[in-house]
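For reference, the structure is listed below as structure tokens.
Naming: A, B, ... by sequence-line order, numbering from 1 per chain.
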Number of protein chains: 2
Amino acid sequence: MVGRLTADSIERRSGVSLWRQIADKILHAIAIGDFTENAALPPEVALAERYGVNRHTVRSAISALVQEGVLRAEQGRGTFVLSRKRLSYPIGARTRFSTGLQGQTTERHIVLLASSVEPASQRVAEGLGLARGAEVIRLETRGEADGRPVSRAAGWFDARRFAGIDAAMAETGSITASLARFGIDDYLRQSTVLSARHADAADLADLDLQPGAIVLVTVAVNVTPDGQPIQFSESRFPAERVELKLSAL
Amino acid sequence: MVGRLTADSIERRSGVSLWRQIADKILHAIAIGDFTENAALPPEVALAERYGVNRHTVRSAISALVQEGVLRAEQGRGTFVLSRKRLSYPIGARTRFSTGLQGQTTERHIVLLASSVEPASQRVAEGLGLARGAEVIRLETRGEADGRPVSRAAGWFDARRFAGIDAAMAETGSITASLARFGIDDYLRQSTVLSARHADAADLADLDLQPGAIVLVTVAVNVTPDGQPIQFSESRFPAERVELKLSAL
DNA sequence: TATAGTTGTCTATATCAATAGACAAATTTA
DNA sequence: TAAATTTGTCTATTGATATAGACAACTATA
């Protein structure tokens, strides 16, 4: 029902071009493992027939994916899959960036892109249990695994309790390690709200995506084991490279 | 960072038309509550300027949303928001359709669209702990709340253990009630894998969506309290109407 | 009752997206 | 080597997308 390169799923006049839709389908098929690495895609004429479009339209889709580094086309031979399956990012009671991707990647780390002190917006204040306008520290981060961006997040912390967490983050490259410096040995994911949308210009730049890509968005609150909110965050994941695995909390 | 009608987020040559991107932005802004019901949208010229596009392009976006029933345009007065915020669909250890939407809707139910007996595919077999090709019953369902489709799911059950569950489902309109007839008083969500993609033709028809819409996809396994798999399912949710709230398992 | 502000309609033009067909170039297979 | 298969390139045409400008129609307000 999902994922196979099925015929019945191309929409015209949708505001999404046919080549983009076909590119998305190929990406999805690769992501769920329909094509192993180095496998050959069906020839262009076959794909065109399957989707009921012109061969040139299929070529547009393929060339976009070649551009993205997902496929490699060889004249006379065929078109081949380069990239691997989607990463499976676990979300649970103890959601941690690095440990979650162990086994799937050889290397991963978090980069601190920017930090600032600002008054809490309505939703941040609610999430952290602070008064609206209270000072909070915002950390803008990007998660990378094997050299590819896999997440882009903003995290907010009570400025009074966590003064200097930006420096700690820059030094350690780890939220968990930074919180440890403030006496937080353990923390739990209290709530996660999930949505999806098209990537905007910022996402495209931050996550190295091509226009038209989809991002998964999580808005979450982390708390101490006794239920005290310590972090409010909004994270964006490239849907073509990451799926979220919801594990037992 | 997210959600406001921001200027910096329109991509050209993306395979997604500008009017579709703007329509998505407006939908998102409504969904996260930037516009309350009956609120007026900024005038077309203002939106055009904000996004750096022609007024006619904004009009295309608006007319698509009027078509979808999200907005109402009145000549001389303005354009107004009709629809409410997204439903928040809870996913946790005891994910149940009806109870999860209580409080947010006045009415909700599940419609059985089709059922069949078939050999288990690789992934269904893995999910249910059966041999590949073992007989399974597939139930195709649609969840509706206040008359609007909010989910479209396929569920698979071991045909030997749950023979007749299709009839029970048709009669009761509830997975929980149907399972109860087979002695399952309680069941837990064991795993959920989440992804997002553009809606395909089937989604458009089933979920009453417009072309270009995004769907959230969950693939889940439900087990008895002692860990025995009883249901494998794949559900699709319209991202413009539903967000997923991951609660404690 | 003017006037300003807003949506609705029309014409025209340029660019992107998609189709159609033909043939070249490279590789594999018979 | 010849034939079949597959990707690459080119020309031409059509329809959708986007821009630009002008003005009509309607509403609210000064």
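- If you measure from atom NE2 of H56(A) to atom C1' of dT7(D), you get 12 Å, rounded to the nearest angstrom.
- As judged by a 4.0 angstrom heavy-atom cut-off over every strand, R55(A) is placed among the base-contacting residues.
- Under the 3.5 Å distance criterion, with hydrogens and angles disregarded, no donor-acceptor pair is assigned to the side chains of E234(B) and W156(B).
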Under 4.0 Å protein heavy-atom contact, by nucleotide of nucleotides 12-17 of chain D - B base, S sugar-phosphate only: ----SS

Between protein and nucleotides 27-29 of chain D, what N or O pairs are separated by less than 3.5 Å?
from    : atom 1 : to     : atom 2 : distance (Å)
dA28(D) : OP1    : R77(B) : NH1    : 2.9

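- Contact footprint of chain A on DNA chain C: nucleotides with an atom under 4.0 Å from a non-hydrogen protein atom, first to last in 5' to 3' order, dA17(C) to dT28(C).
- For A46(A), the side chain to side chain contact (heavy atoms under 4.5 Å, CB included) partners are P42(A), P43(A), not counting sequence neighbours.
- Rotation axes derived from the C1' atoms of the five outermost pairs at either end of the helix from dT1(C)-dA30(D) to dA30(C)-dT1(D) lie 20° apart, to the nearest 10°.
- Between the CD atom of E44(A) and the C1' atom of dT6(D) there is a distance of 8 Å, given to the nearest Å.
- Under the side chain to side chain contact (heavy atoms under 4.5 Å, CB included) criterion, E135(A) pairs with V117(A), A159(A), sequence neighbours left out.
- Within the 4.0 angstrom heavy-atom criterion, base atoms lie near R59(A).
- Remark: E140(A) engages R138(A) in a salt bridge, criterion side-chain N to carboxylate O under 4.0 Å.
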Atom pairs and distances, side-chain donor-acceptor, residues 55-62 of chain B, under 3.5 Å, sequence neighbours left out:
from   : atom 1 : to     : atom 2 : distance (Å)
R55(B) : NE     : E44(B) : OE1    : 2.8
R55(B) : NH2    : E44(B) : OE1    : 3.0
R59(B) : NH1    : E44(B) : OE1    : 3.4
R59(B) : NH1    : E44(B) : OE2    : 2.9
S60(B) : OG     : H56(B) : O      : 3.2

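- Residues L71(A) and I30(A) meet the side-chain proximity criterion, which asks for heavy atoms closer than 4.5 Å.
- If you check every strand for non-hydrogen atoms under 4.0 Å, S60(B) touches nothing.
- Taking the charged nitrogens against the carboxylate oxygens, R197(B) and D203(B) do have a contact shorter than 4.0 Å, which makes a salt bridge.
- Applying the side chain to side chain donor-acceptor pair (under 3.5 Å) rule to E74(A) yields the partners R72(A), R77(A); only residues at least two apart in sequence or on another chain are considered.
- Residue contacts shown for V45(A) are absent, as no nucleic acid heavy atom lies under 4.0 Å away.
- The CZ atom of R72(A) sits 17 Å away from the P atom of dT6(D) (whole-angstrom rounding).
- Per the geometry, CG belonging to L65(A) stands 16 Å off C1' belonging to dT7(D), to the nearest Å.
- Between the side chains of H109(B) and E144(B), at least one donor N or O lies within less than 3.5 Å of an accepting N or O.
- Under the side chain to side chain donor-acceptor pair (under 3.5 Å) criterion, Q67(B) pairs with no residue, sequence neighbours left out.
- Applying the side chain to side chain contact (heavy atoms under 4.5 Å, CB included) test to S17(B) and every residue at least two apart in sequence or in another chain returns W19(B), R20(B).
- For V150(A), the side chain to side chain contact (heavy atoms under 4.5 Å, CB included) partners at least two apart in sequence or on another chain are L87(A), F97(A), L101(A), A145(A), V242(A).
- Residues satisfying the side chain to side chain donor-acceptor pair (under 3.5 Å) criterion with E240(A), sequence neighbours excluded, are absent altogether.
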